[in-house]
Amino acid sequence: MPSLMPVYARSPFALVRGEGVYVYDTEDRKYLDFAAGIGVSSFGHGHPHLIHALHEQSKRLWHASNMYRVPGAERLAGRLVAATFAQTVFFSNSGVEAWECAFKVVRSFNHATGRAARHRVITCGNAFHGRTMAAIAATDQEKLRAGFSPLPDWFRVVPFNDLQSVETAIDDTIGAIMFETVQGEGGVTPATLDFMRGVRDLCDRHDLLLVLDEIQCGIARTGRFLAHENFGIAPDVVAIAKAIGAGFPLGACLATERAAVGMTLGAHGSTTGGNPLAMAVGNAVLDIVLEPGFLAGVVERSALLRRKLQHLADTDETNMFSAVRGLGLMLGLECRVPSRQFVEAARSQGLLTAAAGQNVVRLLPPLIIEERHMEEACDKLRKTAKLVG
Ligand SMILES: *Cc1c(COP(=O)(O)O)cnc(C)c1O
């Protein structure tokens, strides 16, 4: 058996160096990075401000413990609260831990308000919330669940964007409704405006918490700081990760004061979550994202890329692409071959993308891409289509 547990389908090459929107393998082959490590490297590779922040903190203190005050954590939490719907923040090391904290917020809310029987959560079909036992129990994706039964009966999975099914699934055991604002791994599918507003309304009427997983779509990916801001609603709890650490392991659970009523002394914790190194990077990421004009730039670039992709889909001689979808710079190309096959062929053309669902090629470029990078990507997508079409 390999010394690395063989759970990933890895490419045969190894990436060892990055510069802006490009990464290089051990043979110094160059790849245009339109996967960004699955939406993590949102500011490209080797961003000077991020390098500086991590380097400076690494000379002062790596870790102490949450037994003590952590100034960087207080600052980052305050800035996240100021920038979002939330009043309070818990820092984790990963996305699934942020999501797990969101789930604990739900349970603790219902305990604290005398409704412990509302122990279940409504989630959506094709969801991806991570790989813990609770997170795989929360989805109906068989490829994530297979081999791990019995899984806890804590969730009721309904079809995504199907408001009627959500309403029907609400009973005395339900405490929250939880889904990705834009489904990523499941196929790059944004929530519809009707669904988002309808679910908010159902939550208000039944006094349920609305919990959004913005681990992939949050932190400027859609052109707003958090993705739900595109929908004009306010959630009760949101999980973020990926781009907030830009490659340093960091996640966060954001909640309103009302939702977090049960998260009292001793209710939760993490040894390295929110440590000085992670907080230095998180604060540096916010310096970039909260700079006036940054979000507007993402909106502009995403409109331009989407036009170019639509043009590609319309003119590609192999008829490879049947639809362009997504939100902001989280885009999907529906194609007529299995997405894994396309992604692999694109790598051979020097373009990194990620598969989503069965037949969607996911594009998550760094948010700092320029028009020439978009043109290069479209050119490589066209060549890839010829290769596999
Ligand atoms: C990546 C991701 C997760 C899991 O994050 P990890 O850091 O891998 O634990 C959860 N939800 C969504 C939507 C994601 O994209």
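Just follow the structure's listing: the first ligand is 1, and inside any ligand the first atom is 1. Predicted model, so just to flag it, every value in this text is computed and none were measured.
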Item to check | Option among L367, V40, I244 that satisfies the side-chain contact (heavy atoms from CB on, under 4.5 Å) test with I219 | outcome: I244
Checklist entry - With a 4.0 Å heavy-atom cut-off (strictly under), which part of K242 contacts ligand 1: side chain, backbone, both or neither? => result side chain
Next on the checklist: If you count heavy atoms of other groups shown closer than 6.0 angstrom to CZ of R340, is the number above 12?
Outcome noted: no
Checklist entry - Where on V96 is there a heavy atom closer than 4.0 Å to ligand 1, on the side chain, on the backbone, on both, or on neither? => result both
Next on the checklist: Using salt bridge (charged side-chain N to carboxylate O under 4.0 Å, His left out), reason through D236 and R200 one step at a time and then give a plain yes or no.
Outcome noted: CA-CA 10 Å; D236 302 295; R200 177 69 270 178; 3.2 Å; yes
Next on the checklist: Run the salt bridge (charged side-chain N to carboxylate O under 4.0 Å, His left out) test on K386 and D316 for me, step by step, so that the C-alpha distance in whole Å, both residues' side-chain angles and the decisive distance to 0.1 Å come before the verdict.
Outcome noted: CA-CA 9 Å; K386 276 210 180 75; D316 168 53; over 6 Å; no
Item to check | Atoms in ligand 1 flagged as close to E180, the criterion being non-hydrogen separation under 4.0 Å | outcome: 13 (C)
Item to check | Residue G95 vicinity, atoms of ligand 1 by number, heavy atom under 4.0 Å | outcome: 5 (O), 6 (P), 7 (O), 9 (O)
Item to check | ligand 1 contact on F128 by region, counting heavy-atom pairs under 4.0 Å | outcome: both
Next on the checklist: Below 4.0 Å, non-hydrogen atoms only: which portion of H129 touches ligand 1? Side chain, backbone, both or neither.
Outcome noted: backbone
Item to check | Flag: protein heavy atom within less than 4.0 Å of atom 8 (O) of ligand 1 | outcome: no
Item to check | E376 and R372: CA distance, side-chain angles, deciding distance, salt bridge (charged side-chain N to carboxylate O under 4.0 Å, His left out) verdict | outcome: CA-CA 6 Å; E376 186 183 339; R372 64 195 163 97; over 6 Å; no
Checklist entry - Can the ring centres of H45 and Y22 be said to be less than 6.0 Å apart? => result no
Checklist entry - Any idea which atoms of ligand 1 are less than 4.0 Å away from a heavy-atom of G130? => result 4 (C), 10 (C)
Next on the checklist: I'd like to check which ligand 1 atoms, numbered from 1 as shown, lie under 4.0 Å from a non-hydrogen atom of D213.
Outcome noted: 10 (C), 11 (N), 12 (C), 13 (C)
Next on the checklist: Does F321 form a ring-ring contact (aromatic ring centres under 6.0 Å, His included) with F342? I'd like the steps, not just the answer.
Outcome noted: CA-CA 11 Å; F321 312 109; F342 190 95; 5.6 Å; yes
